[in-house]
Amino acid sequence: GHMLNSDTLINAVKCLKKGGTGRLVIVTDNSWYARLICKTILKVMEKEKYVVSSELIPDKRLRLLETFKGTARDTKVHLYVGTPTDSIGYLRPEKGDETSGSSYFDKLWRTGAGSHSEQ
């Protein structure tokens, strides 16, 4: 299994605004895992009778790689490729400020751990 399993996804959707609006952003440097997450989101949300419809992100720094469509009308999940940006809510630390954006994943990114990943 993986961290973003059915229970986790259902609980995340319950945290969205009334009517299922809001934003769920998942960042990974592994394209195989990203595709698995997209497919899992569709499968779980359709089983739970939630409509999932990704919004297009108008940011030229991110490229739409693939759109996964569900069986329900307008159910889709977009997969983007690119470096996380402020358009998805990611705030990059100020240059030289090692205390900002110092999550586990920020530290990995700064050490170049994501550079080996496939795109």
Side-chain angles (χ1 to χ4, degrees):
H2 55 87
M3 186 179 96
L4 295 173
N5 60 32
S6 300
D7 291 338
T8 304
L9 291 170
I10 291 167
N11 286 323
V13 168
K14 287 179 181 177
C15 291
L16 296 175
K17 297 175 187 172
K18 189 175 181 179
T21 62
R23 184 181 268 192
L24 174 62
V25 176
I26 301 165
V27 178
T28 179
D29 66 351
N30 183 313
S31 63
W32 177 88
Y33 185 59
R35 285 181 171 88
L36 173 65
I37 292 169
C38 290
K39 291 174 186 176
T40 302
I41 289 170
L42 283 176
K43 182 178 176 183
V44 169
M45 296 304 109
E46 287 187 340
K47 180 181 174 194
E48 296 295 318
K49 308 269 191 277
Y50 288 106
V51 174
V52 176
S53 188
S54 288
E55 63 184 43
L56 291 171
I57 301 173
D59 187 332
K60 291 181 182 185
R61 299 169 291 180
L62 300 174
R63 181 174 55 86
L64 179 61
L65 183 64
E66 194 169 343
T67 298
F68 297 84
K69 295 183 180 182
T71 57
R73 184 174 171 227
D74 294 331
T75 301
K76 62 187 173 224
V77 174
H78 296 306
L79 175 60
Y80 290 88
V81 65
T83 301
T85 68
D86 56 345
S87 65
I88 63 166
Y90 179 80
L91 302 176
R92 186 169 299 284
E94 296 292 325
K95 236 180 186 178
D97 181 4
E98 297 301 319
T99 61
S100 293
S102 59
S103 73
Y104 170 78
F105 297 103
D106 286 322
K107 289 176 186 175
L108 277 177
W109 192 261
R110 282 196 297 272
T111 63
S115 63
H116 73 281
S117 68
E118 58 180 319
Q119 298 221 3

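Just so it is clear, the values below take in all heavy atoms, side chains as well, and ignore hydrogens, waters and symmetry mates. A quick note: this is a predicted structure, and the numbers were derived from the prediction, not measured.
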_If I take atom CZ from residue Arg63 and atom CG from residue Leu79, how far apart are they, to the nearest 0.5 angstrom?_
9.5 Å
*Set of side-chain contact (heavy atoms from CB on, under 4.5 Å) partners for Ile57, sequence neighbours left out*: Asp59, Leu62, Tyr80, Ser87, Ile88
*asked:* What's the separation between atom CG in Asp29 and atom OG1 in Thr83, rounded to the nearest 0.5 Å?
replied: 11.0 Å
*In Å and rounded to the nearest 0.5 Å, what is the OG to CG distance from Ser31 to Leu65?*
7.5 Å
*State which residues pass salt bridge (Lys or Arg N to Asp or Glu O under 4.0 Å) with Glu66; sequence neighbours excluded, sorted by chain then number.*
Arg35
*Are the side chains of Met45 and Thr75 in touch, meaning some heavy atoms are under 4.5 Å apart?*
no
*Can you tell which of Thr67, Ile26, Leu42 makes a side chain to side chain contact (heavy atoms under 4.5 Å, CB included) with Val77?*
Leu42
*Could you tell me which residues satisfy side-chain contact (heavy atoms from CB on, under 4.5 Å) with Thr28, sequence neighbours excluded, listed by chain and number?*
Asn30, Tyr33, Ala34
_Steps toward side-chain contact (heavy atoms from CB on, under 4.5 Å) verdict (Phe68, Lys39)_ = CA-CA 7 Å; Phe68 297 84; Lys39 291 174 186 176; 3.7 Å; yes
_So Asp86 and Arg61, do their side chains get closer than 4.5 Å, heavy atoms only?_
yes
_Qualifying residues under side chain to side chain donor-acceptor pair (under 3.5 Å), relative to Asp7, sequence neighbours excluded_ = none
